[in-house]
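Single-structure report; data block below.
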Amino acid sequence: MREGHFILLGATGDLALRKIFPALYVAFKDQLLAPRILATSRSRLSQAEFLQILDTKSKSHLKNLDLTLWESFTQHIEYVAMDLTQAQDFNALTARPLHPNTIIYFSIAPEFFATTCAHLAQVGLNAPQVKIVLEKPLGVDLHSARAIHKSIAQHYQENQIYRIDHYLGKQSVQNLLHLRASNALLQTLLHRDHVDHVQVSVCETLGVESRGGFYDPMGALRDMLQNHMLQMLTLLTMPLPSNLNASSIRQAKLSLLQSLKPLENKNLASQVIRAQYSADGALAGYRQEPHVNPNSQTETFVALKLEIDRPEWAGVPFYLRTGKRMGSSFVEVVVSFKGGAPLVFRIQPNPAISLNLHANTPLVLQSALESGMDAYQRLILDAFDSNQSAFNHQDELEAAWVWLDPILQAWQANQTPLYFYPAGSFGPQEAFELLEKEGRAWF
């Protein structure tokens, strides 16, 4: 059982109550983790008031809750009200001895990262045994990503920094890499000689709901494609390292990201489709959502074609699409082989791998995959274990931004059109034409 000190900044926020506390509880219930938890936020709450909020908002996200174990778990939590902008408030975090394994989880807005790191360092909470877990977004372009890193790097070394991407905590996503590494057949098939094209889709039926204030400055490219989708792509296509340790995996992912062929300005309009959902029946359009600019140009859907400049993938097109208010919710990676027999990695819902085999009667081989641990539970335990293999390195983030920045700049200059699609559909017609003009179709 792991022991340690877990300091949670932003403990009354939606992410903390919906994901982080439930993950900590399940790890505690399964006897994988026995943490001392210090929960902090700006809210001036008593210990009892905070635990009441926890009871009200976190229990509903737990299956098969054991009330006795929950009561035992909450006894490990201490609540402290503090303002991240006030240096003196951080003294409350040092009232107890520093544990040899201390994690500080930043469930806060990135604009507070620099100030928070400086204040933590002032009270000695940047010692070598301290690790910080950072939630995205870690920048909105290359310049801002570098600025955030520079401010953090003044106080923490790279081996102390855990940049979380919860998709990398999903067992079904990790399987993209581990199935390749463990199966010689897949290693042979995932090659330009056999692959016609690859599709990565992340589709959601939900709109932006109440998150318009966050989403409108971000959009689908920054919110989903820059991190989650490019990370899935790297796990499927990166050169396989001989050793699957954190350093080797990170280096292989970086090598792949740096191999993405730059998109030329003259091709942006034909290779990158951006769109926004419009009202359809009872479903509101994006511009009618709360906290969204009524003239917003923010994309809620993006589809694009890219290529990888590596010998094993030369000439193979990769099609990525993500959107909100789609016809159904699913995350899939589809490898279409020459001859038309696809290998499908379904990430969610119901994680599975399926392969269609051509015969007199078509055969479908399918293997259901247990989802295993919740992604946040897995990543928190990895942080306690000092395992950075499923966390992003700064170089990876920068490589992704280097490739994406020209798209963002073209959009900001209105060099490419913004299309519209009815809420509840599967995107604009132009996204279908992206494949159809090359004799292909979305799976």
Side-chain angles (χ1 to χ4, degrees), residues 1-11 15-16 19-41 54 58 69-70 72-80 82 84 89-108 113 116-135 138 152-166 168-169 174 244-247 249-250 372-394:
M1 180 180 291
R2 303 162 182 83
E3 295 184 352
H5 192 186
F6 190 86
I7 301 173
L8 179 56
L9 310 178
L15 176 65
K19 291 291 186 180
I20 300 173
F21 280 113
L24 289 168
Y25 162 75
V26 174
F28 172 81
K29 176 178 72 71
D30 293 342
Q31 299 184 12
L32 299 173
L33 183 62
R36 300 201 326 259
I37 301 170
L38 185 61
T40 79
S41 80
L54 202 58
S58 290
L69 279 175
W70 174 261
S72 178
F73 167 70
T74 59
Q75 291 175 8
H76 291 260
I77 301 172
E78 177 186 356
Y79 180 77
V80 174
M82 56 180 287
L84 298 176
D89 283 12
F90 284 73
N91 291 321
L93 303 181
T94 59
R96 59 217 37 83
L98 185 61
H99 193 279
N101 197 0
T102 294
I103 292 175
I104 305 176
Y105 198 113
F106 286 48
S107 184
I108 57 178
F113 284 5
T116 299
C117 286
H119 290 162
L120 287 168
Q122 287 175 8
V123 296
L125 283 175
N126 64 335
Q129 67 264 50
V130 175
K131 292 166 279 193
I132 59 174
V133 179
L134 306 177
E135 277 283 349
L138 293 171
I152 294 170
Q154 293 179 37
H155 309 289
Y156 294 91
Q157 301 296 313
E158 181 63 33
N159 64 0
Q160 296 177 276
I161 303 171
Y162 291 67
R163 300 171 189 85
I164 198 166
D165 180 338
H166 74 272
L168 292 179
Q174 286 295 313
L244 294 184
N245 58 30
S247 177
I249 290 173
R250 285 176 155 193
M373 290 184 188
D374 168 80
Y376 276 93
Q377 180 187 348
R378 183 185 304 276
L379 292 170
I380 288 171
L381 293 176
D382 279 350
F384 272 104
D385 292 339
S386 299
N387 178 6
Q388 291 186 310
S389 59
F391 293 85
N392 289 326
H393 192 283
Q394 178 65 18

Side-chain heavy-atom pair Leu54, Phe21 within 4.5 angstrom cut-off:
yes

So do Phe391 and Asp165 actually touch side chain to side chain, heavy atoms under 4.5 Å?
no

With a 3.5 Å distance limit and no angle check, can you tell me whether Gln160 reaches the backbone of Ala127 through a side-chain donor-acceptor pair?
yes

N/O donor-acceptor pairs under 3.5 Å from side chains in residues 89-97, not counting sequence neighbours:
{"unit_1": "Asp89", "atom_1": "OD2", "unit_2": "Asp83", "atom_2": "N", "d": "2.7"}
{"unit_1": "Asn91", "atom_1": "ND2", "unit_2": "Gln88", "atom_2": "O", "d": "3.2"}
{"unit_1": "Thr94", "atom_1": "OG1", "unit_2": "Asn91", "atom_2": "O", "d": "2.9"}
{"unit_1": "Arg96", "atom_1": "NH1", "unit_2": "Ala92", "atom_2": "O", "d": "3.0"}
{"unit_1": "Arg96", "atom_1": "NH2", "unit_2": "Glu78", "atom_2": "OE1", "d": "3.0"}
{"unit_1": "Arg96", "atom_1": "NH2", "unit_2": "Glu78", "atom_2": "OE2", "d": "3.0"}

Are any non-hydrogen side-chain atoms of Ile132 and Leu125 less than 4.5 angstrom apart?
no

Between Asn101 and Lys131, is there a side-chain heavy-atom distance shorter than 4.5 Å?
yes

Just checking Gln157: does its CD atom have more than 12 heavy atoms from other residues, nucleotides or ligands closer to it than 6.0 angstrom?
no

On a heavy-atom basis, which atom in Leu168 and which in Gln174 lie closest, and how many Å separate them?
O-NE2, 2.7 Å

Backbone N or O of His5 within a donor-acceptor pair of the Arg36 side chain at under 3.5 Å?
no

CG on Leu8 to CD1 on Ile20, rounded to 0.5 Å:
5.0 Å

Shortest non-hydrogen pair, Ala383 vs Tyr162, comes out as CA-CE2, 4.0 Å

First locate atom CD1 of Ile380, then atom CG of Leu33, and finally report the distance between them rounded to the nearest 0.5 Å.
8.0 Å

Output the distance between atom CG (Leu138) and atom CD1 (Ile164), rounded to the nearest 0.5 Å.
10.5 Å

If I take atom NE2 from residue His166 and atom NZ from residue Lys19, how far apart are they, to the nearest 0.5 angstrom?
6.5 Å

Gln122 CD to His155 NE2 distance, which is reported to the nearest 0.5 Å
8.0 Å

Value for CG (Asn159) from NE2 (His393), rounded to nearest 0.5 Å, stands at 9.5 Å

Do Ser58 and Trp70 make a side-chain contact, defined as non-hydrogen atoms from C-beta onward lying under 4.5 Å apart?
yes

Between Asn387 (side chain only) and Ser389 (backbone N and O only), is there a donor and an acceptor less than 3.5 Å apart?
yes

Taking all heavy atoms of Asn126 and all of Ala121, pick out the closest pair and write down the distance.
ND2-CB, 3.5 Å

Smallest heavy-atom separation, Glu158 atom then Arg250 atom, equals OE2-NH1, 4.1 Å

Sub-4.5 Å side-chain heavy-atom contact between Leu98 and Val130
yes

Hey, can you pull the donor-acceptor pairs under 3.5 Å for the side chains in residues 22-30, sequence neighbours left out?
{"unit_1": "Tyr25", "atom_1": "OH", "unit_2": "Asp66", "atom_2": "N", "d": "3.2"}

Closest heavy-atom pair and its distance - Phe113, Glu135
CZ-O, 3.5 Å

Consider only side-chain N and O atoms of Asn245 and Ser247, and report whether a donor and an acceptor are under 3.5 Å apart.
no

Would Ile104 and Phe6 count as a side-chain contact (heavy atoms from CB on, under 4.5 Å) here? Give the steps.
CA-CA 6 Å; Ile104 305 176; Phe6 190 86; over 6 Å; no

Nearest non-hydrogen partners of Phe384 and Gly4, listed with the distance:
CE2-CA, 3.7 Å

Checking Thr102 side chain against His99 main chain: does a donor-acceptor pair fall under 3.5 Å?
yes

Is there side-chain contact between Val133 and Ile103, with heavy atoms separated by less than 4.5 Å?
yes

